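As structure tokens, the structure follows; a few thoughts come after it.
Just so you know, these numbers come straight off a predicted model, no measurement behind them.
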Amino acid sequence: MSVLRTSATALRVLRQLRRDPRTVALLLLVPCVLLWLLSAVFSSQSAVFDRVGPALLGIFPFVSMFLVTSVATLRERTSGTFERLMTMPISKLDLIAGYALGFAVVAVLQGVIATVVSLQLLGLDIAGPVWSLLVVAVLDALLGVALGLLVSAFAATEFQAVQFLPAVVLPQVLLCGLIAPREQMARGLELLSDVLPLTYAADAMGELSTSTGFGGTAARDCLVVVGSTVLALALGAATLRRRTP
């Protein structure tokens with residue numbers, strides 16, 4: 001893997017995003033608007049907002065980065081851009097890592113803005129340190145980037161890529177413990193939730209909202225999210241084809 005080639009690919013992705021300010025604005029603003037709506041819904045129940053807000057602070061960036069990354073990467077695959085790039089001396093891992101790094105810059109900005117808005121403007125109150133909330137929010141967004149890159153390999157059209165949102169993302173949202181405690185689910189559903197990475201992202205956010213400090217449980221959950229992100233990127237590189245069918 002070449003740092004120079006990976007960086008060059010990431011810069012190319014960022015230049016493309018810069019030419020599409022509307023998409024960048026939507027990526028940065030939509031999670032903030034959704035969190036504002038959530039705070040407005042629970043304006044008279046601040047305790048409820050403090051309980052579900054941290055989990056959704058991780059889920060909203062995850063969903064938006066998954067959707068944008070999967071569609072944008074599929075467009076690159078189907079237009080033959082990947083095929084042309086891979087005629088040059090660049091490895092599959094360099095290419096996927098470069099795309100992940102480029103979108104990761106946006107993911108970090110998105111996580112920082114959503115966290116600052118939640119804490120400073122919407123009054124979200126957590127027991128854990130603020131920096132840890134920011135770290136988990138960014139990790140969730142990066143997980144969305146990695147999964148978006150991976151699923152783009154299994155879609156032939158942008159319409160199919162969008163369909164992966166209800167197929168891949170929504171089951172994780174339903175089973176992560178946000179709507180109902182996982183221990184109260186049927187045993188089969190609880191076991192299924194144990195292998196879904198968003199479960200650990202939601203658990204880490206829940207831990208930070210009620211416990212002071214960054215404990216071992218939150219650290220373990222973050223490691224699972226990081227490991228899932230790395231695994232998704234590796235699988236994305238393995239599924240990258242040198243020839244567009």
Side-chain angles (χ1 to χ4, degrees), residues 27 31 34 52-73 93 96-97 99-101 103-104 106-108 110-111 114-115 128 132-155 161-209 214-239:
L27 279 171
L34 293 176
V52 302
L56 291 175
L57 177 59
I59 289 174
F60 289 155
F62 168 80
V63 174
S64 61
M65 290 308 300
F66 172 89
L67 185 59
V68 169
T69 306
S70 59
V71 172
T73 309
L93 192 57
I96 287 296
Y99 271 78
L101 184 60
F103 284 113
V106 181
V108 170
Q110 188 187 59
T115 302
S132 60
L133 189 72
L134 173 60
V135 167
V136 179
V138 170
L139 289 179
D140 292 350
L142 295 178
L143 176 64
V145 169
L147 289 179
L149 284 168
L150 174 60
V151 302
S152 68
F154 303 99
V162 172
Q163 297 309 306
F164 277 109
L165 182 68
V168 175
V169 173
L170 293 188
Q172 295 193 62
V173 174
L174 292 174
L175 297 177
C176 73
L178 177 65
I179 297 175
R182 293 195 302 124
E183 57 272 16
Q184 294 180 11
M185 297 178 184
R187 183 58 179 162
L189 294 178
E190 186 179 359
L191 290 174
L192 179 58
S193 71
D194 286 342
V195 299
L196 300 176
L198 197 61
T199 297
Y200 299 91
D203 285 350
M205 283 297 199
E207 178 76 12
L208 294 174
S209 66
F214 190 73
T217 303
R220 181 207 61 188
D221 292 335
C222 288
L223 286 176
V224 173
V225 174
V226 171
S228 301
T229 301
V230 173
L231 177 61
L233 290 176
L235 292 174
T239 58

Report task. Please test Leu192 against Met185 for side chain to side chain contact (heavy atoms under 4.5 Å, CB included), starting from the C-alpha separation and ending with a verdict. Result -> CA-CA 10 Å; Leu192 179 58; Met185 297 178 184; over 6 Å; no
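- The two residues Ala218 and Leu208 make their nearest non-hydrogen contact at CB-CD2, 4.4 Å.
- Going from atom CD of Gln172 over to atom CG of Leu178 covers 13.0 Å, rounded to the nearest 0.5 Å.
- Looking at heavy atoms from C-beta onward, Leu34 lies out of side-chain contact with Leu56 at the 4.5 angstrom threshold.
- In terms of heavy-atom proximity, Arg182 sits nearest to Leu175 at CD-O, 3.4 Å.
- Within the 4.5 Å cutoff, side-chain heavy atoms of Leu139 are placed close to those of Cys222.
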Could you check Phe164 against Leu147 for side chain to side chain contact (heavy atoms under 4.5 Å, CB included), going step by step and ending with a plain yes or no? CA-CA 10 Å; Phe164 277 109; Leu147 289 179; over 6 Å; no
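- Between the CG atom in Leu101 and the CD1 atom in Ile96 there is a gap of 12.5 Å [rounded to 0.5 Å].
- You'll find the side chain of Met205 reaches within 4.5 Å of the side chain of Asp140, heavy atoms only.
- The minimum heavy-atom distance linking Ala204 with Val136 is given by the pair CB-CG1, 4.1 Å.
- Under a 3.5 Å cut-off, the side chain of Ser70 and the backbone N or O of Leu67 do form a donor-acceptor pair.
- Taking both residues in full, the closest heavy atoms of Met65 and Ala141 are given as CB-O, 3.7 Å, listed atom of the first, atom of the second, then distance.
- Summarising the geometry, atom OG1 belonging to Thr229 is positioned 7.0 Å from atom CG belonging to Leu233; distances are rounded to the nearest 0.5 Å.
- Side-chain contact between Tyr99 and Thr69 is absent, with no heavy atoms from C-beta onward closer than 4.5 Å.
- Among all heavy-atom pairs drawn from Leu133 and Pro54, the shortest one is CD1-CB, 4.3 Å.
- Counting only heavy atoms from C-beta outward, the side chains of Ile59 and Cys176 approach each other to under 4.5 Å.
- Annotation: the span from Leu143 atom CG to Leu198 atom CG amounts to 7.0 Å, rounded to 0.5 Å.
- Asp194 is listed as a side-chain neighbour of Tyr200, based on a closest heavy-atom distance under 4.5 Å.
- Residues Val151 and Phe66 are in side-chain contact: their nearest non-hydrogen atoms beyond the backbone lie under 4.5 Å apart.
- Leu142 approaches Ala107 most closely through the heavy-atom pair CD2-CB, 4.0 Å.
- No donor-acceptor distance shorter than 3.5 angstrom exists from the side chain of Thr115 to the backbone of Leu134, with no hydrogens or angles considered.
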